[in-house]
Amino acid sequence: MASANVSKMIKLKSSDHHEFEVEEAVAMESQTIRRMIEDGCADDCISLPDIDSEVLMKVIEFCRNHVGDARLSNGTSSSSSVQELQIWEDDFVKADQAMLYDLIMAAYNLKIKGLLQLTCQAVADMIKGKTTEEIRKILKIKNDFTHAQSEIHTVIKEIDTENPFIF
């Protein structure tokens, strides 16, 4: 007799043509994929043309670790489970900047709210307390201020430092 506990498997295909077979519950952590499954558009394989295999593996890893997050938010999970998940998330976002940015884009496109929040918070933490120049360097933002605009910005910073109550 076959086990009644067999879950349906979904194939996901990355932009570099690697296929990953995941449990339906894992795939449905993505609201985009959930809608495709519910609308019957996921018969054979779901192609994800904007996500390469390395990023997709990380997305799947995140989703596997967050299946059933509702029980965590309902308070029906133990505090040790919540702590374990927090430790896991802290390790998960210890990725290089390029991977974090790719994960943000994948989370946005696949509508995985938890992954988007986690990765955006990681980037916010990276730039927290940094100067404007340091933030530009981290985020690879070109300084397009003219010399006059830079001088004005410097003067405003000086005034703010000397008189914090003004601004």
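Because the structure is a prediction, the values reported are computed rather than measured.
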Exercise for the section: Report yes or no: do Phe20 and Met105 belong to one cluster of Ile/Leu/Val/Met/Phe/Trp/Tyr joined by side chain heavy-atom distances under 4.5 Å? Expected result: no

Exercise for the section: Please say whether more than 12 non-hydrogen atoms of neighbouring residues, nucleotides or ligands are located less than 6.0 Å from CD in Glu24. Expected result: yes

Problem - Test salt bridge (Lys or Arg N to Asp or Glu O under 4.0 Å) applied to Arg64 - qualifying residues, sequence neighbours left out - result: Glu23

Problem - Close side-chain approach of Glu134 and Lys137, heavy atoms under 4.5 Å - result: no

Exercise for the section: Please round to the nearest 0.5 Å and tell me the distance separating atom NZ of Lys140 and atom CD of Gln97. Expected result: 5.5 Å

Practice task
Indicate, with yes or no, if Val67 and Val59 share a hydrophobic cluster defined by side-chain heavy-atom contacts under 4.5 Å among Ile, Leu, Val, Met, Phe, Trp and Tyr.
Solution key: yes

Problem - Where Ile60 and Val26 come nearest, the two heavy atoms and their spacing - result: O-CG1, 4.1 Å

Handout entry: Where Ile112 and Cys63 come nearest, the two heavy atoms and their spacing
Key = CD1-SG, 3.8 Å

Problem - Donor-acceptor pair between Asn65 and Glu61 side chains, under 3.5 angstrom - result: no

Exercise for the section: Could you tell me whether a side-chain N or O of Ser30 sits under 3.5 Å from a main-chain N or O of Leu110, the two making a donor and an acceptor? Expected result: yes

Practice task
Determine whether more than 12 heavy atoms belonging to other residues, nucleotides or ligands lie under 6.0 Å from atom OH of Tyr108.
Solution key: no

Exercise for the section: Look at Asp91 together with Lys94 and state whether they make a salt bridge at an N to O cut-off of under 4.0 Å. Expected result: yes

Handout entry: Pairwise side-chain contact, Lys113 with Gln31, heavy-atom cut-off 4.5 Å (strictly under)
Key = no

Handout entry: Hphob cluster co-occupancy, Met99 + Met57, side-chain heavy atoms under 4.5 angstrom
Key = yes

Practice task
Check whether more than 12 heavy atoms from other residues, nucleotides or ligands sit under 6.0 Å from atom NZ of Lys130, and answer yes or no.
Solution key: yes

Problem - Short side-chain to backbone donor-acceptor contact, Asp39 and Cys41, under 3.5 Å - result: no

Practice task
Please round to the nearest 0.5 Å and tell me the distance separating atom CD of Glu19 and atom NZ of Lys11.
Solution key: 5.0 Å

Practice task
Say whether, by atom type as modelled, one donor and one acceptor occur between the side chain of Thr32 and the main chain of Asn109 under 3.5 angstrom.
Solution key: yes

Fill in the blank from the handout: Taking every heavy atom of His66 against every heavy atom of Trp88, the minimum-distance pair comes out as CE1-CZ3, 3.5 Å

Completion exercise
d(Glu151 CD, Thr146 OG1) to nearest 0.5 Å is 8.5 Å

Completion exercise
Closest non-hydrogen atoms of Ala122 and Val93, given as atom of the first, atom of the second and distance, are CB-CB, 3.8 Å

Practice task
Taking all heavy atoms of Ile51 and all of Val55, pick out the closest pair and write down the distance.
Solution key: CG2-CG1, 3.8 Å

Practice task
Quick one: do Leu48 and Ser14 satisfy side chain to side chain contact (heavy atoms under 4.5 Å, CB included)? Show the steps, please.
Solution key: CA-CA 5 Å; Leu48 303 170; Ser14 66; 6.0 Å; no

Exercise for the section: Show your working on side chain to side chain contact (heavy atoms under 4.5 Å, CB included) between His18 and Leu56 and close with a plain yes or no. Expected result: CA-CA 9 Å; His18 288 91; Leu56 185 54; over 6 Å; no

Handout entry: Ion pair Arg136/Glu133, N-O distance below 4.0 Å
Key = yes

Practice task
Measure the spacing between CD1 of Ile46 and NZ of Lys13 and express it to the nearest 0.5 Å.
Solution key: 13.0 Å

Fill in the blank from the handout: In this structure, CG of Asp50 is separated from CG of Asp102 (nearest 0.5 Å) by 11.0 Å

Problem - Heavy-atom pair with the smallest gap, counting every atom of Ala107 and Leu116 - result: CB-N, 3.5 Å

Practice task
Could you walk me through whether Lys111 and Arg34 pass side chain to side chain contact (heavy atoms under 4.5 Å, CB included), step by step?
Solution key: CA-CA 10 Å; Lys111 294 182 177 39; Arg34 173 183 294 272; over 6 Å; no

Handout entry: Co-membership, hydrophobic cluster, residues Leu12 and Met9, 4.5 Å side-chain
Key = no

Fill in the blank from the handout: The reported gap from CD1 in Ile10 to CD1 in Ile33 (rounded to nearest 0.5 angstrom) is 8.5 Å

